[in-house]
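Okay, handing you the structure first.
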Amino acid sequence: MIGFIQAIQRRTPLGWLQLNHNRSRLLVALSGIAFADVLIFMQLGFQNSLYDSNTTLNRAVLADIILISPQSRNMQNMSTFSRRRLFQAADVPGVKAAEPMYISMVTWKNPQTKRKTTVQAVAFNPEQLALNIPEVNAQLDKIKLPDNFLFDRAARGEYKEILSQIDAGQTVTTEIEKRTINISGLFKLGSSFGADGTIISSPENFIRISPKRQIGSINFGLIYLKPGYDAQQVAAALKSHLQDNQDVKVLTRQEFIKFEEDYWKKESPIGFIFTLGVSMGFMVGVIIVYQVLSTDVNAHLKEYATFKAMGYPNIYLLGIIFEEALILATLGFIPGFIIPIGLYQLARNATNLPIYMTLTRAVMVFIMTIIMCAISGAIATNKLQSADPADMF
């Protein structure tokens with residue numbers, strides 16, 4: 001092992017010397033790799049923020065099992081089913097409580113700009129904790145009052161003035177479906193690709209702003225289990241108990257989160273677009289690095305032929321090219337990693353989407369960069385392997 005390390009130390013770094021010999025070409029290569037990495041980072045960042053933002057409400061639900069309609073597509077397109085199914089579910093052993101939850105996209109008048117915009121309205125029984133949002137749970141008494149709602153302080157849009165008023169203890173009024181409502185409290189959930197913001201209240205207040213809805217027509221059934229019962233087993237029992245009713249689908253909490261994520265991954269075109277963007281960034285990097293390495297091989301083809309004439313095997317020459325590829329991948333990744341951090345901050349401030357740099361993503365992109373450069377090096381060495389010293393002189 002010591003001898004191997006000493007051999008590495010004595011080895012002439014031909015790959016670095018060749019790259020450093022033409023610095024303008026090196027800078028162009030590093031800029032190209034950094035550009036490809038930035039493109040990949042941004043696409044992955046937006047893709048992950050798509051999944052994270054649209055499953056925030058799903059992950060906040062405290063119920064152990066959730067009932068939904070099989071016709072539901074995602075949180076912005078939820079079908080309804082009869083509330084009677086909750087009474088049937090309550091008969092299953094292990095079920096402690098079964099509560100309804102309502103959700104709908106509603107058009108309201110922005111209290112600050114007076115312009116109409118769309119927000120997501122959510123309602124549940126304030127006597128039962130439904131969401132893992134401490135700010136909401138501390139203000140459940142407020143939504144018991146007629147026409148009182150809580151508003152998402154992280155909503156996308158111009159709300160700075162009314163947020164300050166509510167924080168100061170004032171009640172802000174606005175309109176939904178020509179009905180005056182009061183915003184009496186704030187919480188933080190965040191916007192998503194599907195909704196600019198969220199308002200929360202009781203079922204009675206929800207029906208008041210949704211005159212076409214019936215109180216017995218619900219979007220979710222929140223099933224809470226007794227201590228000691230397994231969610232998977234109770235979910236299986238519920239499926240068996242409700243199997244004659246084709247209007248109900250039984251999901252555990254993890255399946256409920258996956259239900260929303262799968263929609264954006266598989267059914268929504270947005271998820272495909274971001275995946276395509278990552279692939280395009282990867283291909284751009286491969287092409288740029290190939291051009292650099294191919295040009296370098298052509299420029300030093302006689303030197304490589306001399307090495308072959310001296311008895312150096314192809315594997316040694318290939319090692320030089322892959323050394324260059326690894327150097328380019330490492331140096332190009334540094335600015336390609338730093339620049340997206342600032343762009344993430346810019347995008348987060350502009351859209352209120354949860355887009356952050358993560359260690360997992362950084363490692364994944366670095367590995368992709370190495371693979372990208374290795375592929376380019378492998379393509380660039382085709383001509384080198386077929387080079388005949390006799391043809392060079």
Side-chain angles (χ1 to χ4, degrees), residues 56-58 60-63 66 75-76 78 80 83 86-87 96-191 195-222 224:
T56 301
L57 183 59
N58 301 62
V61 171
L62 288 172
I66 297 91
M75 296 295 279
Q76 285 76 48
M78 295 298 299
T80 60
R83 190 173 179 176
L86 299 186
F87 299 113
K96 179 181 178 181
E99 297 287 346
M101 177 179 275
Y102 305 79
I103 190 170
S104 178
M105 301 299 293
V106 298
T107 301
W108 83 333
K109 184 182 292 185
N110 184 320
Q112 181 172 318
T113 64
K114 307 305 179 183
R115 296 176 181 174
K116 290 185 177 181
T117 186
T118 303
V119 294
Q120 185 173 242
V122 177
F124 55 86
N125 180 8
E127 299 295 336
Q128 173 72 52
L129 295 182
L131 300 175
N132 186 22
I133 305 177
E135 289 177 297
V136 172
N137 297 334
Q139 303 179 83
L140 293 178
D141 287 341
K142 293 181 179 179
I143 63 176
K144 295 178 182 179
L145 301 175
D147 298 314
N148 270 30
F149 287 77
L150 305 179
F151 177 61
D152 183 3
R153 65 167 69 248
R156 184 167 45 240
E158 299 179 35
Y159 296 105
K160 187 175 181 180
E161 293 180 10
I162 68 161
L163 295 180
S164 299
Q165 294 175 18
I166 298 172
D167 280 330
Q170 302 178 33
T171 297
V172 175
T173 61
T174 186
E175 292 182 6
I176 297 180
E177 300 294 339
K178 298 181 180 180
R179 185 179 183 90
T180 300
I181 67 164
N182 302 316
I183 305 298
S184 56
L186 300 172
F187 65 95
K188 186 174 182 179
L189 183 67
S191 59
D196 288 340
T198 303
I199 57 175
I200 291 177
S201 193
S202 64
E204 291 76 18
N205 288 330
F206 179 87
I207 295 301
R208 291 188 181 103
I209 63 170
S210 306
K212 295 181 180 180
R213 289 286 297 272
Q214 300 293 324
I215 195 72
S217 182
I218 66 176
N219 301 108
F220 304 107
L222 306 184
Y224 301 87

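Keep in mind that the numbers below use all heavy atoms, side chains included, and drop hydrogens, waters and symmetry copies.
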Evaluate the side chain to side chain contact (heavy atoms under 4.5 Å, CB included) criterion for residues Tyr224 and Gln128: first the C-alpha distance (whole Å), next the side-chain angles of each, then the deciding distance (0.1 Å), finally the verdict. CA-CA 10 Å; Tyr224 301 87; Gln128 173 72 52; 3.7 Å; yes

Rounded to the nearest 0.5 Å, what's the gap from OG1 on Thr174 to CG on Asn110? Could you check?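 That separation rounds to 7.0 Å.
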
To check you understand the geometry: which heavy-atom pair defines the closest contact between Ala123 and Ser202, and what is its length? CB-O, 3.5 Å

Return the minimal non-hydrogen interatomic distance between Lys142 and Gly185, and the atom names on each side. NZ-CA, 4.2 Å

Can you find a pair of side-chain heavy atoms, one from Ile183 and one from Thr173, that are under 4.5 Å apart?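 Side-chain contact under 4.5 Å: no.
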
So CE of Met105 and OG of Ser210: to nearest 0.5 Å the spacing works out to 12.0 Å

Please tell me if the side chains of Phe124 and Val136 come closer than 4.5 Å, counting only heavy atoms from C-beta onward. yes

Can you name the nearest heavy-atom pair linking Ser184 to Gln139, along with the distance? O-OE1, 4.3 Å

One thing to verify: whether Lys116 and Glu175 come together as a salt bridge, which I'm taking to mean a side-chain N less than 4.0 angstrom from a carboxylate O.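 Result for this pair is no, no salt bridge flagged.
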
Mind checking whether Tyr159 and Pro111 have side chains closer than 4.5 Å, heavy atoms only?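 Yes, at least one pair of side-chain atoms sits under 4.5 Å.
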
Less than 4.5 Å apart, side chain to side chain, heavy atoms only: is that true for Asp152 and Leu186? no

With a 4.5 Å cut-off on side-chain heavy atoms, are Val106 and Val119 touching? yes

For Pro146 and Arg208, work out which heavy atoms get closest and say how close.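 Minimum heavy-atom contact is CA-NH1, 3.9 Å.
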
If you count the non-hydrogen atoms of other residues, nucleotides and ligands that lie under 6.0 Å from CD in Gln214, is the total more than 12?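 Not buried by this count: 12 neighbours or fewer within 6.0 Å.
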
For atom NZ of Lys188, decide whether the heavy atoms of other residues, nucleotides or ligands shown that lie under 6.0 angstrom number more than 12. no

Rounded to the nearest 0.5 Å, how far does CZ of Arg153 lie from CG of Leu163?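 Reported to 0.5 Å precision, the distance equals 6.5 Å.
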
Kindly indicate, with the supporting measurements, whether the criterion side chain to side chain contact (heavy atoms under 4.5 Å, CB included) is fulfilled by Ile181 and Ile209. CA-CA 9 Å; Ile181 67 164; Ile209 63 170; 4.0 Å; yes

Is there a side-chain contact between Ile215 and Arg83 in this structure, where contact means two heavy atoms from C-beta onward sitting under 4.5 Å apart?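 In contact.
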
Hey, does the side chain of Ser217 reach the backbone of Arg213 with a donor-acceptor pair shorter than 3.5 angstrom? no

Show the nearest heavy-atom pair for residues Arg156 and Ala195, with the distance to one decimal. NH2-O, 3.7 Å

Partner of Asn182 by side chain to side chain donor-acceptor pair (under 3.5 Å), out of Asn148, Asp147, Asn205: Asn148

Can you tell me if CD on Gln170 sees more than 12 non-hydrogen neighbours from other groups inside 6.0 Å?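 Yes.
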
Donor-acceptor pair, side chain of Glu99 and main chain of Ala130, under 3.5 angstrom: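 It does not hold such a pair.
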
Check whether any side-chain heavy atom of Leu57 sits under 4.5 Å from a side-chain heavy atom of Met75, and report yes or no. yes

Interatomic distance, NZ@Lys144 vs OG@Ser201, rounded to 0.5 Å, equals 12.0 Å

Under the side chain to side chain contact (heavy atoms under 4.5 Å, CB included) rule, what do Phe149 and Ile143 come out as? Steps first, then yes or no, please. CA-CA 6 Å; Phe149 287 77; Ile143 63 176; 6.0 Å; no

Would you compute the distance between atom CD1 of Ile200 and atom CG of Leu131 and round it to the nearest 0.5 angstrom?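 So the CD1 of Ile200 and the CG of Leu131 are separated by 5.0 Å.
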
Could you tell me whether the side chain of Leu86 reaches within less than 4.5 Å of the side chain of Pro100, counting heavy atoms only?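 Yes, close enough: below the 4.5 Å cut-off.
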
Report the distance from atom CD of Glu177 to atom OG1 of Thr107, rounding to the nearest 0.5 Å. 6.0 Å

Which pair of heavy atoms, one from Asn219 and one from Met78, lies closest together, and at what distance?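 Taking Asn219 first and Met78 second, the nearest heavy atoms are ND2-O, 3.6 Å.
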
Would Val61 and Phe220 count as a side chain to side chain contact (heavy atoms under 4.5 Å, CB included) if you check the C-alpha gap in whole Å, the side-chain angles of each, and the deciding distance to 0.1 Å? CA-CA 11 Å; Val61 171; Phe220 304 107; over 6 Å; no

